[in-house]
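Notes follow the structure.
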Amino acid sequence: MCEYLDSLNPEQQQAVLHDGKSLLILAGAGSGKTRVITTKIAYLIRERGFPPASILAVTFTNKAAREMAARASRIEARACGAMLKTFHSFGAWFLRRNAALAGLHPGFVIYDDDDAVSLLGTLLEDTPKIELRKIAADISRAKDYFLSPEDPELDLVDHTPGFRGLYARYEEKKRKIGNVDFGDLIKMPVEILRNNAGLAAGLRDRFSVIMVDEYQDSNVAQFRLLYELKGKTTYLCAVGDDDQSIYRFRGAEVKNILEFPDRFPGTDIIRLERNYRSFAPILNLASQVVNHNSGRLGKTLTACRAGGKKPVLAFLPDQDEEARFCAELIGRSVTDAGPERARYSDWAIFYRTNAQSRGFETELVWRRIPYRVVGSLKFYEREEIKDALALFALLANPRDEVAFRRMVNKPARGIGGASVEKIIDVFEKQFLFSEKGLLEAARQAALSPKAAAGVKVFAGVLDRGRALLAGKADRLSARMPLKSGEGLSVCAAALICDSGLAGYHSSHDEVNGYQRTENLQELVDAASLYPASMDGLAEFLEHIELDRSIEEKNRPEDFDAVTLITLHNTKGLEFRRVVLTGLEQGIFPRDDKEADDLEEERRLFYVGVTRAMDELYLCSCAMRRMYGRTQPMLPSLFLREADKSLLRIIGAAPAGFGAGKGGAAGTHGQAGCGTGYGGYGAENGGYGAVTGKSSSDGRWKQGERVFHDDQGYGSIAGIEEGEDGPVIKVRFDNGHETRFLSTYQSSKFTKIGSED
DNA sequence: TAATCGATCTTTTTT
DNA sequence: AGATCGATTA
């Protein structure tokens, strides 16, 4: 009756059918956890009769939430009625509906990290930005741990004497303004639910099923939220993998998953340990390295995909060679005529820090290899965009002091620092609850004629924006630098143009060759999807704050390009062929890491390796330019932790790196690379040896040289027709002979080109 | 008010 | 090396 369950393995089925108690699914990398979650949602609706709206599934990223929604509704259309949200968007959803209870302005805006720093700046004048950032980060961390200014444990986050008081003042100011920061999106709902039994009961009644993805990356506050949401009969199902917890530095608490069964007594645990993604040799490497971690729940992943080649470990002279290595590898694979031919999008280059992407970009541009860099697009962090958003925010919540300070005199309207302080002062004394907030205060304050005139202009701009939202103003037909289309974009364009922001930035464009006007236009275009109303504005701002991924306009998702990406961003992704770069001590892991931090880095290595489906390459450089200096590097600890027999080593292994043992891999590395490496720039030699596969018919020629990890070099003595296809006869230089089917795949076998 | 010049620092960052 | 920030200068 449920054909969609048939394709699941027994554990997956068990997880989908599980019922009653709480469930913790320990899902190893590539074990099909998303499939289980989505199938389970569909199953609960279809077979168990749960109303879609009674199901809540929380994830950490919007991308994951979207994917989950799409996949679940493919199995069961009604699944689109389930609530699939990120933790933070769930919090925002909740607060928006209970803004009054939370003491928030109805049009409250979500502050990002920068805004939090600015807010702190109004509290601590003349404090260097870097200190403000540290304080903001600590406040954010405190909220991750569900700590309030009065909590004794706050000292564990920051024991600086003034911190507690500052945190309190920050909260007080934010409360006055009526906005929230990211941490509040989780922390405040918990507090509200604790203080409003009725509201809590209502929510518990609504959601009879709660599923959480990537549970290993949840923080204490998020645990508390779940705890509040879970009623006596709520079915709670958490999915995660303790080996993939990589956000500890941001407050993620592995204990959440380790102690889940204690926190929710009677929990059943189901392990998904069959890996469908990677070839066995790749998985072996990952397992072996992560085994060096202590305090794991422990899993034994088994590869369903037998065969495949060993991961290649390339020792390279420096980062330029590393970039060349990647480019050649990729270039060769896509021009390969055989069935092993790859597409650019099969490939991804992983690195630890964003700064490392540069070298790869230069090389790929040079070679005309298309690529996309994931996560480095900081559209919403650009000055002009933040400016525009501040204008919108001030319209949504006229008490937003941060936005007001940012924009009241930009571009210059003759409102200097003293005037601004005067305005704020008047506001706090007389207009705290005025509907027009700071603008009303600005109008009433006793200012110099110049400043007063400036205020009039600024307030007029916002008034017009407000009128547009209320449908009480004509749309502007005048020639504006920005084109507006539908809905909210009219108001957005009006604000940006009337305020002089567009002109201000377009003059910069001409001088500096920026493209800020274009960016502003893009923002206006995005606004056209929302209705021209106060609610539409709040919705628009909320969407931007909570989901900063922007669809690449000119590059559809399926654009055939290599992916450049930091290791952290790879979680949840997979690629056929992966190059994991910069495997050097000091880069990955960073050398200031020890104990728990080192274990987290090791998990990051694990995450990276397990992204690869078919082929994995690891690069380690002997020299690297860092901070403007070229310095010698040592291979990463993680490479030393791997058994050399699991790797195929090419390039010059540094002294002391497994070379002494004289194992097959080591010997091969030296020998195989004599040609491989030397012939680097050559068209056919070089890494053809590495990328060549031994699997296809017709690619074997008599006399061709091959290499076998155990037998060493040899050549193809002949090809015979057997029952199951062509049989290859190999005579090794050591005298041995062997036969194998041409379709046979062995990680120990490599074709190395027809001549020696 | 903007442009420019040195001093300083350098992770990862779903939301 | 390169970005970023704050102070200095025009």
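So that the names make sense, note that chain A is the first sequence line, chain B the second, and so on, each numbered from 1. Keep in mind the model is a prediction, meaning the values are calculated, not measured.
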To the nearest Å, give me how far apart CZ (A:Arg66) and C1' (B:dT15) are. 13 Å
Between A:Lys187 and A:Glu191, is there a salt bridge with N-O shorter than 4.0 Å? yes
Toward the 5' end of DNA chain B, which comes first, A:Ile130 or A:Asn62, by nearest nucleotide? A:Ile130
Distance, rounded to the nearest Å, where A:Asn179 contributes CG and B:dT15 contributes C1': 17 Å
Check whether any side-chain nitrogen or oxygen of A:Asn354 sits under 4.0 Å from OP1 or OP2 of B:dT11, and answer yes or no. no
DNA chain B contacts made by residues 237-251 of chain A, counting heavy atoms under 4.0 Å: A:Tyr247, A:Phe249, A:Arg250
Between C:dT4 and B:dT13, how far apart are the P atoms? Round to whole Å, please. 15 Å
Does A:Tyr351 have its ring centroid less than 6.0 Å away from the ring centroid of A:Phe588? no
Looking at A:Thr59, does any N or O in its side chain come under 4.0 Å of the phosphate oxygens OP1/OP2 on B:dT14? no
Would you list the atom pairs, donor with acceptor, under 3.5 Å between side chains in residues 124-136 of chain A and any protein atom, with sequence neighbours excluded?
residue	atom	partner	partner atom	Å
A:Thr127	OG1	A:Leu124	O	3.3
A:Lys134	NZ	A:Asp138	OD1	3.3
A:Lys134	NZ	A:Asp138	OD2	2.6

Listed partners of A:Trp93 passing ring-ring contact (aromatic ring centres under 6.0 Å, His included), at least two apart: A:Phe90
Residues A:Asp112, A:Arg548: salt bridge by 4.0 Å N-O rule: yes
Would you please name every residue forming a salt bridge (charged side-chain N to carboxylate O under 4.0 Å, His left out) with A:Arg640, sequence neighbours left out? none
So that I can tick it off, tell me whether A:Arg624 and A:Glu584 are bridged by a salt bridge, with the cut-off set at under 4.0 angstrom between side-chain N and carboxylate O. yes
Salt bridge present between A:Glu363 and A:Arg358 (N-O < 4.0 angstrom): no
Would A:Glu253 and A:Arg248 pass as an ion pair if we require N to O under 4.0 Å? no
Within a radius of less than 6.0 Å around NZ of A:Lys255, do more than 12 heavy atoms belonging to other residues, nucleotides or ligands occur? no
Please check if the distance between the ring centroids of A:His568 and A:Phe249 is under 6.0 Å. yes
Residue met sooner reading DNA chain B from 5', once A:Ala355 and A:Glu545 are mapped to nucleotides: A:Ala355
Could you state the CZ-P distance from A:Phe87 to B:dT13, rounded to the nearest angstrom? 21 Å
A:Asp217 CG to B:dT12 P: how many Å, rounded? 17 Å
Integer angstrom distance from the P of C:dC5 to that of B:dT12: 15 Å
Mutual orientation of the aromatic rings belonging to A:Phe540 and A:Tyr530 [parallel < 30°, tilted 30-60°, perpendicular > 60°]: tilted
If you look at every strand shown and take non-hydrogen atoms under 4.0 Å, does A:Asp112 touch a base, only sugar-phosphate, or nothing? nothing
Please classify the nucleic acid contact of A:Arg358 as base, sugar-phosphate, or nothing, using heavy-atom distances under 4.0 Å. sugar-phosphate
Taken to the nearest whole Å, CG/A:Leu185 to P/B:dT14 is 15 Å
So what does A:Arg141 touch, heavy atoms closer than 4.0 Å: a base, only the sugar-phosphate, or nothing? nothing
Nearest to the side chain of A:Lys571, heavy atoms from C-beta on, is which of B:dT12, B:dT14, B:dA2? B:dT14
With rounding to whole Å, what would you report as the distance between B:dT14 and C:dA3 at their C1' atoms? 25 Å
Ignoring backbone atoms, test whether A:Asn569 places a side-chain nitrogen or oxygen under 4.0 Å from the OP1 or OP2 oxygen of B:dT12. no
Among B:dT15, B:dT11, B:dT13, which nucleotide sits nearest the side chain of A:His568? B:dT13
Specify the separation, in whole Å, of atom OH of A:Tyr627 and atom P of B:dT10. 7 Å
Looking at residues 413-423 of chain A, who's got a heavy atom less than 4.0 Å off DNA chain C? none
Could you check how far CG of A:Leu546 sits from C1' of B:dT13, rounded to whole Å? 16 Å
Please give, in whole Å, the distance from B:dT14 P to A:Arg603 CZ? 19 Å
Can you pull the contact range of chain A along DNA chain C, 5' to 3', using atoms under 4.0 angstrom from its heavy atoms? C:dA1 to C:dG6
Salt bridge check, A:Asp115 against A:Lys174: does any charged N sit closer than 4.0 Å to a carboxylate O? no
